[in-house]
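Some notes on the structure that comes next.
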Amino acid sequence: MLSGLSIRNFVLVERLDLEFEPGLCVLTGETGAGKSILLDALGLCLGDRASPGAVRRGARQADVTAVFEIPPAHAARDLLKDRGAAPAQVVLRRVITSEGRSRAYADDRPVSAAFLRELGMTLVEVQGQHDLASLLDPSNHRRLLDQYAGLESGLAEVASAFRAMRETERAMKDARAELEDVRGEEDYLRHVVEELSSLDPRPEEEASLVAERTVLMNAERLTRSLSEALTALASEDGARRAERSLERSREHAAGKFDDAIAALERARLETAEAVAILEDLDRELTGDPARLSAVEDRLFGLRAAARKHRTTVAELPAVLEAFAERLAAIESGAERIGCLAAEAAAGRTAYEDAARSLSAMRRAGARRFDEAVNAELPPLKLGDAAVETTIEAVAGDRWGREGFDRVAFQVATGAGQGAGPLSKVASGGELSRIMLALKVVLSRTRGSRTLIFDEVDRGIGGAAADAVGARLERLARDSQVLVITHSPQVAARGNHHWLISKAIGGGRATTAVDRLDTETRREELARMLAGARVTDEARAAADSLIAEQAP
């Protein structure tokens with residue numbers, strides 16, 4: 001419930017402090033007195049966009065504060081709890097500088113305007129001419145019905161199924177496009193894979209081929225060196241002779257020759273091993289005269305392939321693998337698309353099932369909604385009118401995350417008349433009352449909120465206006481209701497009454513708001529009845545209106 005509103009230097013308001021109470025709160029005044037300014041000021045505390053033009057001329061900043069009482073288990077408490085508090089009262093404040101900067105606070109803690117907007121939606125619901133235009137737009141009707149019917153879980157399930165369906169369809173579409181792109185190069189890919197496969201490049205092969213080629217190119221010189229080394233080793237047998245000489249005297253040396261003999265033996269064995277290695281190298285170098293040509297053919301072939309694919313010899317195995325994968329993708333593409341098509345079909349079936357279930361819940365909710373709205377119409381002097389919610393399935397290309405239903409509120413304003421769109425069938429006065437009936441029903445699903453009606457009685461008078469006032473009065477028994485009205489029949493129903501007026505002083509206009517007592521309220525109702533010149537007859541009529549509302 002809105003319990004207080006303080007305004008400083010906002011448009012035409014220099015300083016204003018208002019206290020509100022439960023029940024039907026009525027605000028009246030001449031056209032242009034500034035009634036909308038109060039709503040705009042409150043709107044700032046509820047997260048509306050700030051404008052530097054809202055700052056009163058000559059002031060440095062505008063400051064608006066709204067105080068709300070929050071009952072237990074209210075949605076606003078959950079939002080505030082996420083920020084470390086869950087008070088029974090919250091103070092929302094908005095400051096706007098003349099340069100256009102804006103600051104927002106909740107209980108003196110800085111918050112974003114977006115947070116104020118989210119919090120404000122749980123605290124206040126404003127019904128004005130904009131809401132009438134929104135109500136006439138069929139694109140909003142599905143959302144309103146879903147809200148009334150409490151279809152949040154069904155909507156979440158459909159939205160999830162829709163996302164999954166779209167993802168699988170997109171994957172299948174991408175796979176088909178990818179397959180089409182690569183099919184044109186299938187012959188080329190197959191040729192490259194066959195060519196590189198026959199070449200069979202191996203990692204680190206280039207270095208070994210280069211080393212072997214270097215050896216083979218110098219084979220003659222190397223063979224000559226090997227021959228000379230073998231000849232030298234065969235002709236020098238000093239180590240063997242020395243070993244034999246020491247062996248002859250070993251028994252008389254008392255072990256003094258042992259280390260030398262062992263060393264000479266190792267030298268002899270190492271020399272024999274070196275001879276074997278040299279003989280093997282000699283046979284290798286002279287064994288295959290065509291080996292150099294084979295090595296060069298292999299090396300040059302690898303390098304040519306690397307140049308062709310603009311890479312290195314070491315990367316050729318990876319190139320072969322990449323081309324082979326692309327070729328395999330083509331060969332397995334049809335199978336993959338078949339699997340994706342099956343997934344897409346399953347996703348579509350899941351979406352259709354979820355959307356069909358949601359549609360059934362919508363239709364059940366629409367029946368309850370129509371019954372509730374139509375029960376509101378007779379008290380509003382619309383006994384012959386009937387609201388009917390129509391639900392039709394849209395074409396597949398217009399399915400969405402909210403399902404496949406088109407929802408429209410239609411109305412028949414007379415017995416025997418066919419139902420048609422609200423904007424084409426109902427008159428202005430009828431629309432205002434139908435909107436009130438719709439909003440009353442919809443408000444029952446939105447928790448405890450302050451309801452604000454901005455000239456909901458526009459275009460009606462007499463008995464119809466009195467009926468609107470009676471409905472607002474009944475609504476105010478369960479919710480705090482603020483009404484801006486030009487209708488004396490509505491104003492007379494109020495539990496509390498404020499008069500909004502504008503005065504000119506010092507070359508500037510100023511808006512003031514005064515709470516009316518019994519006598520001043522009688523005078524205001526008389527003005528609303530009579531116009532500029534208040535007569536005794538108007539005062540008597542005002543007394544009659546007030547008396548009719550007495551308990």
Side-chain angles (χ1 to χ4, degrees), residues 22-28 125-129 131-132 135-136 144-145 148 365-389 409-417 419-420 422 425-446 448-497 525 528-529 541 544-551:
L24 181 58
C25 303
V26 173
L27 295 93
T28 63
E125 185 166 347
V126 180
Q127 319 298 342
Q129 295 306 306
D131 299 276
L132 179 57
L135 192 61
L136 294 178
L144 294 172
L145 175 61
Y148 170 81
R367 288 190 292 271
R368 298 193 305 272
F369 179 74
D370 291 348
E371 291 174 1
V373 172
N374 289 327
E376 294 289 333
L377 297 181
L380 294 172
K381 305 300 180 184
L382 290 170
D384 291 333
V387 170
E388 177 185 347
T389 302
F409 299 152
Q410 296 191 325
V411 62
T413 56
Q417 293 184 1
L422 293 174
V425 175
S427 65
E430 290 170 332
L431 276 177
S432 295
R433 285 174 284 165
I434 291 171
M435 185 188 79
L436 175 59
L438 290 168
K439 290 299 184 179
V440 165
V441 171
L442 291 170
S443 68
R444 295 171 185 164
T445 65
R446 301 188 182 185
S448 176
R449 302 187 189 193
T450 294
L451 302 177
I452 299 178
F453 291 90
D454 183 12
E455 299 187 15
V456 69
D457 51 2
R458 180 187 295 268
I460 61 175
D466 185 62
V468 168
R471 189 62 193 88
L472 292 172
E473 183 182 25
R474 289 198 300 275
L475 185 61
R477 294 170 187 168
D478 301 316
S479 303
Q480 183 189 45
V481 178
L482 275 64
V483 179
I484 294 176
T485 181
H486 288 287
S487 169
Q489 291 88 349
V490 173
R493 297 271 184 176
N495 304 113
H496 318 284
H497 194 152
L525 289 175
M528 297 174 72
L529 287 164
S544 177
L545 278 177
I546 294 172
E548 289 176 4
Q549 314 313 322

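Heavy-atom minimum distance, A492 versus L545: CB-CB, 3.9 Å. For the residue pair V481 and A476, the shortest heavy atom distance occurs at CG2-CA, 3.7 Å. The nearest pair of heavy atoms linking Y148 to A372 is OH-CB, 3.9 Å. When all heavy atoms of A437 and L377 are compared, the closest pair comes out as CB-CD2, 3.8 Å. Across P22 and H496, no two heavy atoms sit closer than the pair O-NE2, 2.9 Å. Residues H497 and A491 approach most closely at CE1-CB, 4.0 Å, considering heavy atoms.
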Does the pair V490 and L24 meet the rule for a side-chain contact (heavy atoms from CB on, under 4.5 Å), with working shown? CA-CA 10 Å; V490 173; L24 181 58; 5.7 Å; no

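Looking at T485 and F453, their side chains never come closer than 4.5 Å, going by heavy atoms from C-beta outward. Within the 4.5 Å cutoff, side-chain heavy atoms of V440 are placed close to those of R471. Residues S487 and V468 are not in side-chain contact: their nearest non-hydrogen atoms beyond the backbone lie 4.5 Å or more apart.
Just one residue in the list V26, I452, L451, L472 forms a side-chain contact (heavy atoms from CB on, under 4.5 Å) with L482, and that residue is I452.
A donor-acceptor contact shorter than 3.5 Å is absent between the side chain of N374 and the backbone of A386. Judged by distance alone, the side chain of R433 and the main-chain N or O of K381 form a donor-acceptor pair under 3.5 Å. Listed for the H486 side chain is no donor-acceptor partner under 3.5 Å among the backbone atoms of M528.
Between I484 atom CD1 and D454 atom CG the span is 4.5 Å, to the nearest 0.5 Å. The structure places OG1 of T389 at 11.5 Å from CZ of R368, a figure rounded to the nearest 0.5 Å. Interatomic distance, L380 CG to I434 CD1, rounded to the nearest 0.5 Å: 9.5 Å. Atom CD of residue E376 and atom CG of residue L438 lie 9.5 Å apart, to the nearest 0.5 angstrom. Here the OG1 atom belonging to T28 is positioned 7.5 Å from the CG atom belonging to L525, to the nearest 0.5 angstrom.
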